[in-house]
2 protein chains.
Amino acid sequence: MQKTTPERSYHHGDLRRALVDTALEVMREERNWQFTLREIARRAGVSHAAPYKHFPDKGALLTELAMIGFDQLRTALIQAQSDAGGEPREVLLPMARAYVDFGIANPALYSLMFGAESRNQCDVHLGENAISVFDTVVDVLGRGQSDGVFRRRPVRDHATACWSLLHGMTMLAIDGLLLPEKVGLEPLKAAFGTLMEGIASEYEAAETPDLR
Amino acid sequence: MQKTTPERSYHHGDLRRALVDTALEVMREERNWQFTLREIARRAGVSHAAPYKHFPDKGALLTELAMIGFDQLRTALIQAQSDAGGEPREVLLPMARAYVDFGIANPALYSLMFGAESRNQCDVHLGENAISVFDTVVDVLGRGQSDGVFRRRPVRDHATACWSLLHGMTMLAIDGLLLPEKVGLEPLKAAFGTLMEGIASEYEAAETPDLR
DNA sequence: GAGCAAAAGTAAGCGCTGTCAACATATGTT
DNA sequence: AACATATGTTGACAGCGCTTACTTTTGCTC
């Protein structure tokens, strides 16, 4: 979609939203790009100082981007959960896939959301959003234990294992360290299979459904 | 140790090593610090252009730091393996702990070693070092399968799960997202326990030895 | 419609960064 | 001693984050 117009009045009209949208677009499309506020302003067609009328500093814009990222991740997880039905054992892999796929599709945004380096210049409350992902996993695992389909081990132990593995896999994928010749073509399915053998009660080694 | 001397001749004598040592020190001791070459030069007591006589650019110094980090991580893993004896089942948790402890003790260095953002400005061969960690895990798991103490599943599936979980846990710890009230005081032991139930054959739920 | 305040732009500046070029100083070799 | 090389320094450039002062537009009140 072509957004550039030959002329723009002195007042942009909706610069705040334009800065956010432009930033999301650049973060998604330009890999290996070092985020700079001046570049965002340039692409939005305003001077380098204009953003400071809408955001106190660079960190405030980054915080907004991260919050949007958490919203999108939450939506993806809920959608995966809803698509897979209510059975905890059937829901974990689709949710795991939604999580990793989100990170792979939005590498810069994902790193912004979970990385302390970027969170140093953001609102500290982002940590709460990051940790709410953990709570989502605890939820599903807890229901699985109630149903008797997951092993009776402290649910947070299972959840810690789940989140660590998913976060690690996402970061490794983003950083280009999951080479097919080393980890195969379906590393998430493979690794998650190993983990599920440690989580599920009397777990069958049968192929789990691939909802890709 | 006080390194500052009141006077230094025009020729430093060993500036390359001083820059590397200074950078490692700053990365380890100053959390939340944004790495700048000028700051390293200042602390080494030379002008901002002096490093360019020893490193073509900033990325070259970062590459050297990452290589040192991989050497240190490799040493820590070998040490843990050697301390725990040769039995694969007894060696995984100590190695896992050595891995995560290394990351927690060297957060900036660890992020440099494994993060693509920093590796963009480094030598691309760093990826080989990163992936050699995976090979280490494959080794131990392979021996465990030969011994019959690990489940007969493609060893790289187990290794992918192991590395992902360890990398994820290290990154989450570095980024301050492993809150004790959420994951307990021993998240590695807990999460690794869950994973080991999916890896080990007829895994006992008994406490694994804590070599801390 | 006039007058005013506020919002939201711009231009310019400051201090920091990475990197380069030219020059200065020390070292090693013949 | 002369020369080449290594290794420092100084100064400059372009870009960054952020601030200040100014300009333009908008919204509100009378």
Side-chain angles (χ1 to χ4, degrees), chain A residues 3-23 26-27 30 32-66 108 111-112 115 117-123, chain B residues 3-23 26-27 30 32-66 108 111-112 115 117-123:
Chain A
K3 296 160 61 197
T4 52
T5 56
E7 216 65 38
R8 182 184 62 78
S9 75
Y10 190 91
H11 270 233
H12 182 281
D14 198 2
L15 181 56
R16 189 176 207 285
R17 172 184 293 274
L19 292 170
V20 169
D21 289 347
T22 301
V26 174
M27 283 176 83
E30 304 217 14
N32 309 341
W33 174 64
Q34 191 68 33
F35 187 103
T36 84
L37 200 46
R38 285 199 186 214
E39 179 68 17
I40 300 300
R42 252 193 306 280
R43 289 175 188 247
V46 293
S47 72
H48 55 275
Y52 292 94
K53 299 296 181 183
H54 300 276
F55 298 94
D57 54 20
K58 176 181 173 182
L61 174 58
L62 290 172
T63 297
E64 180 119 355
L65 298 173
S111 298
L112 171 68
E117 186 181 320
S118 43
R119 281 194 294 106
N120 278 337
Q121 41 185 344
C122 289
D123 193 319
Chain B
K3 298 161 58 200
T4 53
T5 56
E7 216 66 39
R8 179 184 61 77
S9 74
Y10 190 94
H11 267 233
H12 183 280
D14 198 1
L15 181 57
R16 189 176 207 283
R17 172 184 292 274
L19 292 170
V20 168
D21 289 349
T22 302
V26 174
M27 284 176 80
E30 304 215 15
N32 310 338
W33 173 66
Q34 190 69 34
F35 187 104
T36 83
L37 199 45
R38 285 202 185 212
E39 178 68 18
I40 299 299
R42 255 192 304 278
R43 291 174 188 248
V46 292
S47 72
H48 55 274
Y52 292 92
K53 299 298 179 183
H54 301 275
F55 297 95
D57 55 21
K58 176 182 174 183
L61 174 59
L62 289 173
T63 297
E64 180 118 356
L65 299 174
S111 297
L112 172 68
E117 184 182 320
S118 43
R119 280 194 295 107
N120 279 335
Q121 37 185 350
C122 290
D123 192 319

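In what follows, every chain begins at residue 1, and chains take the letters A, B, ... in the order their sequences are listed.
Annotation: salt bridge (charged side-chain N to carboxylate O under 4.0 Å, His left out) contacts of A:Arg38 (sequence neighbours excluded): none.
The CG atom of A:Leu112 lies 7.5 Å from the OG1 atom of A:Thr63; values are rounded to the nearest 0.5 Å. For the atom pair B:His54 NE2 and B:Asp14 CG, the distance stands at 8.5 Å (nearest 0.5 Å). How far CG of B:Leu15 is from OG1 of B:Thr22: 8.5 Å, rounded to the nearest 0.5 Å. A distance of 10.0 Å separates CG in A:Leu19 from CD in A:Glu64, rounded to the nearest 0.5 Å. Note that CZ of A:Phe35 and CG of A:Leu65 are 5.5 Å apart. Values are rounded to the nearest 0.5 Å. Separating the CZ atom in A:Arg42 from the OG1 atom in A:Thr36 is a distance of 6.0 Å, to the nearest 0.5 Å.
If you measure from atom CG of A:Leu61 to atom P of D:dC16, you get 15 Å, rounded to the nearest angstrom. Rounded to a whole Å, the CG atom of A:Leu37 is 9 Å from the C1' atom of D:dC18. Nucleotide D:dT26 holds its P atom 14 Å from the CG atom of A:Asp14, rounded to whole Å. Atoms CG (B:Asp57) and C1' (D:dA14) sit 17 Å apart, rounded to a whole Å. A:Leu62 places its CG atom 12 Å from the C1' atom of D:dG17, with the value rounded to the nearest Å. In this structure, the CZ atom of A:Phe55 is 15 Å from the C1' atom of D:dG17, given to the nearest Å. A straight line from NZ of A:Lys53 to C1' of D:dG17 spans 16 Å, rounded to a whole angstrom.
Of the two residues near DNA chain D, A:Ala49 and B:His54, the one whose nearest nucleotide lies more 5' is B:His54. In terms of position on DNA chain C, the residue among B:Glu39 and A:His12 whose nearest nucleotide sits closer to the 5' end is A:His12. Where B:His11 and B:His48 each meet DNA chain C at their nearest nucleotide, the meeting point lying more 5' is that of B:His48. Position along DNA chain D of the nearest nucleotide to B:Arg38 versus B:Gly13 favours B:Gly13 as the more 5'-ward residue.
A close approach under 4.0 Å does not occur between any side-chain nitrogen or oxygen of B:Ser47 and OP1 or OP2 of D:dT10.
In the interface, the side chain of B:Tyr10 is not paired with the base of D:dT9 through any donor and acceptor atom under 3.5 Å apart.
Here the range on DNA chain C touched by chain A, meaning any atom under 4.0 Å from one of its heavy atoms, is C:dA7 to C:dG13.
Residue contacts for B:Arg42: at a heavy-atom cut-off of 4.0 Å it reaches the sugar-phosphate backbone alone, with no base atom in range.
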